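Reviewing the structure listed below.
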Amino acid sequence: MSAIVLSGVTRIYPRPDGSRRAVLSGIDLAIGEGEFLCLLGPSGCGKSTLLHLLAGFDRPDAGSITIDALEVSRPDPRRQVIPQDYGLFPWRSALGNVLFALEARGVRGALAAERAHAALALVGLSASAQQHPHQLSGGQRQRVALARALVVEPEVLLMDEPFGALDAFTRYRLQDEVRRIAEDRRMTVVFVTHDIDEAVYLGDRVVMMSADSGRIIRDLAIRLPRPCDRTGSAYLAIRREVFAAFALVHDGQDSPRAGGRADQVRRAGEP
Amino acid sequence: MAMSMRRVLLASTGVVAFIAGWWLLSLRYDAEQLPGPGAVAEALREMAANGKLWRNSGISLLRFAGGYALAVMLALPLGLLLGWSRRSLVAADPLIQLLRPISPIAWFPLAVLWFGIGNAPAIFIITLAAFFPVLLATVSAVRSVPVSYLRIAANLGASRLLTARAVVLPAAFPTIVVGLRIALGTAWIHLVAGEMLGAQSGLGFLIVDSRNFLRTDLIIAGMLVIGILGLVLDRLIGMGERRLRAAWGQA
C-alpha cells in the first residue's frame, strides 16, 4: 500500500543575503507501510520542509521521493496533511469543514453527511458538529482537522507539530487517540515534533534531525509495548538515549571541538 | 445608563458646537448668504411638506443603488479573476493604474455626450466611482487568502471551481466588504456631483435648482439631507460588516 522511500532528498532555500542554504541535504529514508514515524528536531531543522515534500506541496532540488515506487509530484488526497495551524475554514462549522473534504472528493448528499458525522464521532466531536472553529478549544480544533483528514480515508497521515499549541492533558489524550486511530486504520504516519517525550511515546521509530545540517543524525527504532507507560523504566531509558543524542548535537554547536562527537552519534545511529 | 448618557452628550458635542457657531455667524450675514439653523429647519419642513424632499431623495437613492450594484457586479468577478491569476494581473495592472487617478467627474462631459441628460450619466458616474475601490479590495483580498487554506483544498483534490467558490471567495469576503464600504462612501459623494451636472432631479439637482432661485436655505437643507443619508448608508453597511465578521469568527 504505502511504503515511502526518500533518496538523496535535497532542498535549497535562498537566504535573504542572496546566498543559498541547504535546508535538507541528501536525506535517505525508507518508511514502511503502517509505520508510525516521528521526525524529531529543533526549530529550523528542516523537518517541516521534509513534510511538505512528502505532501507534494513542494519539490526537492535533488533526489527523489516515491510512494509505492511512484514519484511524489503533487498533493494527493491519499496523503493527508494536518498543518500546524489546523487550516480550518473559520466560516464553516466543524461539520462544514469535514463536509468540504467530501465535497472535494465528489461525495455529496446523505452519504456525505453520514460519513462526516461518523468522522466527527470517531474523534469525539459529535456534540460540537455545529460549532464554528472560533467557538472551539484548541484541542477540539485539532480534532476537527483530524476528522477532515480521516474522512477521505488516507493511506498516509502527515502531521506537522499538531499538538504544539495544546495544554499537556489535551495533548496526552490526543496522542493516545491518534495512535489508536492510526493502528485501527493501518495508516502510515509521519509525525513532526520538537517534543522528545511526544516522539518517544508515539513513534515506532524516531528519526532525529539536527538544527543546521539538514541531515538525519539518528534513526532509532522504539520497541515498547503499546500503549506504552509514560513512567515505565523502558520508556525512560529510551527517552534518556534520545535526550543524550540531542545534548551532544547541541554541545557540538557551541564548542568547536565537539564536531567529532556529533559525528560519532551519527555513526552509532546508522542501522 | 449614566455612562451611556455621558457618551451621547460627548458624541453630540461637535454637532452642537457646529450649530452654535453657525447660528452666531448667521447673525452677521444676510439670509441669502448664510441662513441660520432655524431658517434651514424651516426649509426642510417646507421640502418635506411639498414632497420635494422625498421625491428627490428617492430618485437619488435609486440611482445610487443601480450604479453601486452595477459596479459591484462588474468589479467583484473581475477582482476575483485578477487576484487569482497572476498573469491576468500583470496584464491588467498598468491599465488600472492609468484609469484609476482620473476622477469620475472628469468623465462627465463624455457621459453627457454618450448618455444625454437623465439617469444614465449619474449612474455611469456612480458606477465608475465605486468600481475601483471594489476592484482593488477584491484583488488584494484574494491575493492575501492564507496559503494554508489553498493547500488544504489542493491536498483534498478540490477542483479549481470548488476552490474558488468554497475557499477563495469566503476567505476573501471579510476584506472585500471593507472595500464595499469604502466604495459606498465614494459613490455617494459622486452621485451628488453627477446630479448637479447632468440631471433634472435628485438631491444634486435640488441644490443647483435652489441656487438658481437664490434659495440658500434650500441649498443648505439639501446638503444636510445628503450628509444624513450618507451617514445612514454607512451605518447600515457597517452593521452588515459586523454581522459578517461575527459569522466568520472575527472580533
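Predicted model, so just to flag it, every value in this text is computed and none were measured. Every chain is numbered from 1 and lettered A, B, ... according to where its sequence line falls, protein lines coming before strand lines.
Within a 6.0 Å sphere centred on CZ of A:R180, heavy atoms belonging to other residues, nucleotides or ligands number more than 12. No more than 12 heavy atoms of other residues, nucleotides or ligands sit less than 6.0 Å from atom CZ of B:F18.
Rounding to the nearest 0.5 Å gives a distance of 12.0 Å between CZ of A:F100 and OH of B:Y149. In this structure, the separation between CG on B:L156 and CG on A:L102 is 9.0 Å, given to the nearest 0.5 Å.
Side-chain contact between B:S148 and A:D85 is present, with at least one heavy-atom pair separated by less than 4.5 Å.
Contacts of A:R78 with chain B are absent, with no heavy-atom separation under 4.5 Å from either backbone or side chain. When heavy atoms are compared at a cutoff of 4.5 Å, A:I82 does not approach chain B at all. For A:A55, no part sits under 4.5 Å from any heavy atom of chain B, backbone or side chain. Contact of A:E103 with chain B is made through backbone and side chain together, with heavy-atom distances under 4.5 Å.
By the side-chain contact (heavy atoms from CB on, under 4.5 Å) test, A:P60 pairs with A:V9, A:L53, sequence neighbours left out.
In terms of heavy atoms, A:R92 sits closest to B:A166 at NH2-CB, 3.8 Å.
Although no hydrogens or angles enter the test, the distance criterion places no donor-acceptor pair under 3.5 Å between the side chain of B:R151 and the main chain of A:F57. One N or O on the side chain of B:N155 and one on the backbone of A:V81 form a donor-acceptor pair closer than 3.5 Å.
Of the listed residues (A:H132, A:R79, A:R148), the one with the most heavy-atom contacts under 4.5 Å to chain B is A:R148.
Heavy-atom neighbours of chain A within the stretch residues 73-100 of chain B, taken at a separation under 4.5 angstrom, are nonexistent.
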